[in-house]
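To start, the structure itself, in structure tokens.
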Amino acid sequence: MQKVDVLISSESSSKSVNTIDFLSSHKLVDLIYVYGETTLLKENNLCLLEARNLFNTRDLKLTAEHSKSKYLLLIFSNEKVNLFDNSIDRLLRVAEDSNSVFVYSDYVEIKNGVSINHPLIDYQMGSIRDDFDFGKIILIRSEILKENIPQNNFLYAAFYDMRLRISEKYKLLHIPEYLYSYEEIDLRKSGEKQFDYVDPKNREVQKEMEYAATEHLKRISAYIRPGKEIDFFKKDNFSLTASVIIPVKNRVKTIAGAIESVINQNTKYDFNIIIVDNHSIDGTTELIEKYASTHERIIHLIPKSKTLNIGGCWNLAIQNEKCGMFAIQLDSDDLYSSEDTIEKIVNKFFAEKCAMVIGSYTMTDFNLNELPPGLIDHKEWTDENGMNNELRINGLGAPRAFYTSVVREIGFPNTSYGEDYAVTLAISRKYKISRIYESIYSCRRWEGNTDSDLSIDKINRNNYYKDKIRSLEIAARIKMNNK
């Protein structure tokens, strides 16, 4: 069997002593390259590389130049990674048998001393988000690494750029087996981690990632130009300017606040509230009926079907004859943060002649106390490239508002995750989308949120589905460009 070189890409290799001892005596390991302290270099097969990580072009190139074996095993971690006895043998055998150039596997995650299986997901064309989880160990063919070193002098996006280039020619292979363990020190809930990429301190990182993703889309013929504007006054006739759409199921604790934040809107535009009550059984239905009996703006819809998810509820609302020209989102446990939210959104539609408006929001607890990271404004969006960069990121902001004629034509997938993202991608393929960068919405985090803390399996299902949405959208854009 082929031998392998190993690179431990760690800023503190002293935490990798056990891993280095294991590798030093392994029959299939030729050389071990270490980023870190020279005090560990006691054996003949240990080499120090004066580098820090694989995310800048210089260090990635240095790593590629030093690899002598056919394969290079990359270990990404500042903490403890322990390989199982057969892990290297298995990775190499699968790579050789399948002629794969990039292989990764599931692993066992250790949190507070407790071992938890951490499965990963298969890579697909739409897996271009820069936070795709390959785990902590990747086996890569050395010649492929050398051939795909970025030409740009990246400080943060070198490895990301490289794996995008590799994915254009080869399959990135996932082995659904647990081949090592990793000691996790980031113990935050999933709902707290998901906004790291919009933290202002990461803006420079995001700019590099956007550039790499955009160049990738150009190479595969999926890059698009800004969409066209709309002249609303030449379109369908609507009886109302706007409708606030609230899909809800079993939110008796929060629905009243959501409704009142709409009722209290101060705007020159006529609007109504379409609440799609998806067969609630906790008192939500009765509470909505109470509001509807005293507020003629409220339209209370209960679907005939019991198979609708959030996307299906949206379709029911936008197809209703009483839906206004603009359909504006409000989740049943969130609030409009000011009395002029509708005014600002509709003004933006008319000023920009766009098919969709996306606002900004503030993360709060149930009592509206601000939570980190605070304002989520998605300033990574630009009018020139937002329609391409949105394929790289996992969210686009809130509240979302749609020109009803366009969103009726496209429709929502009948899911309760990613349905709005899918519609946004499809709209941006043809039409202009505009942004509001001030906070007009309060996104409340509380124990009842469905995404406050997700299991690994649920995170994987969500990520796989969004990657699939991206795959479908990229294929559609390639088809459009080829015409």
### Task
Please determine if Glu215 and Lys218 form a salt bridge, counting it only when a charged side-chain N lies under 4.0 Å from a carboxylate O.
yes

### Query
Between Arg165 and Asp161, is there a salt bridge with N-O shorter than 4.0 Å?
yes

### Task
Sorted by first residue and then second, give each ring pair (Phe, Tyr, Trp, His ring centres under 6.0 Å) pair with at least one member in residues 111-154; sequence neighbours left out.
Phe102-Phe134, Tyr104-Phe134, Tyr107-His118, Tyr123-Phe132, Tyr123-Phe134, Phe132-Phe134

### Axial cation check for Phe366 ring with Lys253, 6.0 Å and 45° limits
yes

### Query
Would you find more than 12 non-hydrogen atoms of other residues, nucleotides or ligands less than 6.0 Å from Lys70 atom NZ?
yes

### Message
Working note: Leu73 + Leu91, criterion side-chain contact (heavy atoms from CB on, under 4.5 Å); need CA distance, chi angles, decisive distance, verdict.
### Response
CA-CA 9 Å; Leu73 188 70; Leu91 286 165; 3.8 Å; yes

### Task
Verify the distance criterion only: is there a donor paired with an acceptor across the side chains of Tyr223 and Asn481 at less than 3.5 Å?
no

### Message
The test is side-chain contact (heavy atoms from CB on, under 4.5 Å); show your working for Leu145 and Leu60 and say whether it passes.
### Response
CA-CA 9 Å; Leu145 174 62; Leu60 186 63; 3.9 Å; yes

### Task
Go through the side-chain N and O atoms of Ser360 and Asp377 and say whether any donor and acceptor fall under 3.5 Å apart.
no

### Query
Can you name the residues that form a ring pair (Phe, Tyr, Trp, His ring centres under 6.0 Å) with Phe412, not counting sequence neighbours?
Trp314, Phe402

### Message
Please determine whether salt bridge (charged side-chain N to carboxylate O under 4.0 Å, His left out) holds for the pair Glu473 and Arg477, giving the CA-CA distance in whole Å, both sets of side-chain angles, and the decisive distance to 0.1 Å.
### Response
CA-CA 6 Å; Glu473 180 61 27; Arg477 294 182 182 194; 2.8 Å; yes

### Query
By side-chain hydrogen bond (donor to acceptor under 3.5 Å, both in side chains), which residues pair with Thr364, not counting sequence neighbours?
none

### Message
Is a donor from one side chain sitting under 3.5 angstrom from an acceptor on the other, for Thr214 and Asn385?
### Response
yes

### Query
Between Tyr421 and Lys466, is there a cation-pi geometry (under 6.0 Å to ring centre, at most 45° from the normal)?
yes

### Task
State whether a side-chain donor-acceptor pair under 3.5 Å links Glu390 with Thr424.
no

### Query
Centres of the Tyr403 and Tyr431 rings: under 6.0 Å?
no

### Task
Might you confirm whether atom NZ of Lys344 has over 12 heavy atoms from other residues, nucleotides or ligands at distances under 6.0 Å?
yes

### Task
State whether the number of non-hydrogen atoms from other residues, nucleotides or ligands found under 6.0 Å of Lys228 atom NZ is greater than 12.
no

### Query
Is Asp5 paired with Lys68 through a side-chain N to carboxylate O contact shorter than 4.0 Å?
no

### Query
Relative to each other, are the rings of Tyr361 and Tyr441 parallel, tilted or perpendicular (30° and 60° limits)?
perpendicular

### Message
For a quick check under 3.5 Å, do Asp340 and Ser338 share a side-chain donor-acceptor pair by atom type?
### Response
yes

### Message
Given 3.5 Å as the limit, does a donor-acceptor pair link the side chain of Glu208 with the main chain of Leu155, or not?
### Response
yes

